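Remarks on the structure that follows.
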Amino acid sequence: MKLICIGRNYAAHIDELDNERPTEPVVFMKPDSAVLPKEQDFYIPEFSEDIHYEVEVLVKIKKVGKHISEKFAHKYYDEVGLGIDFTARDLQSKLKAKGLPWEKAKGFDGAAVVGKWIDKNKYENIDNLRFSLLKNGEIVQNGHTSLMLWKIDELIAYVSTYFTLKKGDIIFTGTPAGVGRVVANDYLEGTIEEERIFTINIK
């Protein structure tokens, strides 16, 4: 299993971090060891003092595919979900300033929260989904898949040009505006269309 992550896929998030708007999807990877085990708390790593949450809609690939046409991309997944791309923002900023890869800031142990999976057919249109992240009971991120710069099927087609997609691979489709810092004793809750998909305690 590999975790394929998309950066800068919502215009408002690009603006809040003062990043340049890309002309094609920004792709990076997390190792499978980054997945936070189910029912486990997230422990802030010692190497960072600025861990940020980034809530994202997830897609789980169901079969092998390479050079997938966008019009056939929907045949490669049956389930969608919600998760968090935890980011060591202070470390990421240092790495970016030196033109170095982001892996240490994005792929550390526990940096990928994967919530429960939902049959995509439950929704009329996955390109029209509302999702949210609540921190300590207050909404901090409100997203809508209609605002993606590149929609899910476009991302599958694009990514499969470079990487063979395999059963069980997960695509993190990007985060909306509202990212922010977590501290010990925070409680995070992610929802799609008001349905709770995950909860996380921060330690």
Side-chain angles (χ1 to χ4, degrees), residues 1-7 9 13 27-62 77-95 101-120 122 129-143 145 152 165-176 178-203:
M1 179 188 75
K2 54 186 176 288
L3 309 178
I4 302 164
C5 305
I6 307 300
N9 201 23
H13 175 58
V27 179
F28 62 94
M29 311 282 277
K30 290 178 183 265
D32 57 7
S33 55
V35 175
L36 185 69
K38 298 291 186 184
E39 310 301 327
Q40 183 171 306
D41 298 332
F42 174 81
Y43 286 82
I44 296 173
E46 295 180 355
F47 54 76
S48 176
E49 297 181 353
D50 195 20
I51 297 292
H52 281 207
Y53 55 78
E54 298 186 9
V55 72
E56 310 196 11
V57 170
L58 312 182
V59 179
K60 184 163 66 174
I61 299 300
K62 72 173 187 176
Y77 62 100
D78 288 332
E79 297 175 298
V80 296
L82 197 70
I84 296 178
D85 164 20
F86 278 121
T87 304
R89 192 71 72 200
D90 47 358
L91 182 55
Q92 184 191 37
S93 295
K94 291 177 183 177
L95 293 167
W102 303 348
E103 274 77 2
K104 289 190 291 186
K106 289 281 195 176
F108 57 88
D109 290 354
V113 173
V114 177
K116 69 179 180 180
W117 294 103
I118 307 294
D119 187 330
K120 71 178 182 182
K122 178 177 180 177
L129 292 181
R130 293 177 295 115
F131 62 99
S132 299
L133 182 71
L134 293 84
K135 184 174 79 166
N136 304 325
E138 295 187 6
I139 294 176
V140 289
Q141 284 188 278
N142 250 332
T145 55
I152 288 173
L165 295 176
K166 296 184 176 182
K167 183 178 180 180
D169 287 350
I170 298 172
I171 299 178
F172 281 64
T173 62
T175 195
V179 303
R181 185 171 178 246
V182 293
V183 297
N185 300 315
D186 278 344
Y187 177 74
L188 304 181
E189 178 182 351
T191 66
I192 296 179
E193 297 292 347
E194 311 302 330
E195 179 180 358
R196 182 186 294 170
I197 306 299
F198 66 77
T199 60
I200 297 291
N201 292 300
I202 308 297
K203 298 294 186 179

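What you see is a predicted model; the values in this text were computed from it and never measured. The first residue of the sequence shown is numbered 1, and numbering continues consecutively from there.
- In this structure, N185 places its CG atom where only 12 or fewer heavy-atom neighbours from other residues, nucleotides or ligands lie under 6.0 Å away.
- Considering all non-hydrogen atoms of both residues, L3 and A112 come closest at CD1-CB, 3.8 Å.
- Without hydrogens or angle criteria, T87 side chain to R89 main chain gives no donor-acceptor distance under 3.5 Å.
- Of all non-hydrogen atoms in L188 and F86, the two that sit nearest each other are CD1-CZ, 3.9 Å.
- When every heavy atom of N136 is checked against every heavy atom of D186, the shortest pair comes out as ND2-OD1, 2.9 Å.
- The aromatic rings of F42 and F108 are tilted relative to each other, their planes meeting at an angle between 30° and 60°.
- When the salt bridge (Lys or Arg N to Asp or Glu O under 4.0 Å) test is applied to D78, the partners found at least two apart in sequence or on another chain are K62.
- Note that OG1 of T173 is 6.5 Å distant from CG of N9, once rounded to the nearest 0.5 Å.
- Taken from OG1 in T191 to CD1 in I139, the straight-line distance is 7.0 Å, to the nearest 0.5 Å.
- Applying side chain to side chain contact (heavy atoms under 4.5 Å, CB included) to I84 and the options L133, V182, V114 leaves one that passes, L133.
- For the atom pair CZ of F172 and CG of L58, the computed distance is 4.5 Å after rounding to the nearest 0.5 Å.
- When side chains are defined from C-beta on, F131 counts as touching T145, because their heavy atoms get closer than 4.5 Å.
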Go through the steps to decide whether I152 and Y77 satisfy the test side chain to side chain contact (heavy atoms under 4.5 Å, CB included), and finish with yes or no. CA-CA 10 Å; I152 288 173; Y77 62 100; 3.7 Å; yes
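- Sequence neighbours left out, the pairs with a member in residues 28-39 that pass salt bridge (charged side-chain N to carboxylate O under 4.0 Å, His left out) are K30-D85.
- In this view, K60 and E79 satisfy the side chain to side chain donor-acceptor pair (under 3.5 Å) rule, not counting sequence neighbours.
- With values rounded to the nearest 0.5 angstrom, I61 atom CD1 is found 4.0 Å from I171 atom CD1.
- Of all heavy-atom pairs between I170 and M1, the closest is CD1-SD, 4.0 Å.
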Evaluate E49 against R181 for salt bridge (charged side-chain N to carboxylate O under 4.0 Å, His left out), listing each step before the verdict. CA-CA 9 Å; E49 297 181 353; R181 185 171 178 246; over 6 Å; no
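- Using a 4.5 Å heavy-atom cutoff, the side chains of K106 and E54 are in contact.
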Under the side chain to side chain contact (heavy atoms under 4.5 Å, CB included) rule, what do I4 and M29 come out as? Steps first, then yes or no, please. CA-CA 5 Å; I4 302 164; M29 311 282 277; 3.8 Å; yes
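- The backbone N or O of E56 lies less than 3.5 Å from no partner atom in the side chain of T175, so there is not a single donor-acceptor pair.
- A donor-acceptor contact shorter than 3.5 Å links the side chain of D169 to the backbone of K2.
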Go through it in stages, so that I can follow the logic: the residues are Y53 and V55, the test is side chain to side chain contact (heavy atoms under 4.5 Å, CB included), and I'd like the CA-CA distance, side-chain angles, deciding distance and then a yes or no. CA-CA 6 Å; Y53 55 78; V55 72; over 6 Å; no
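- One finds the CD atom of E195 at 4.0 Å from the NZ atom of K116 (value rounded to the nearest 0.5 Å).
- In this structure a side-chain-to-backbone donor-acceptor pair under 3.5 Å is missing from E189 to T199.
- At least one donor-acceptor pair under 3.5 Å links the side chain of Q141 to the backbone N or O of P176.
- Across all their heavy atoms, S48 and A88 have their closest contact at OG-CB, 3.6 Å.
- Note that the OH atom of Y187 and the CD1 atom of I200 stand 9.0 Å from one another [nearest 0.5 Å].
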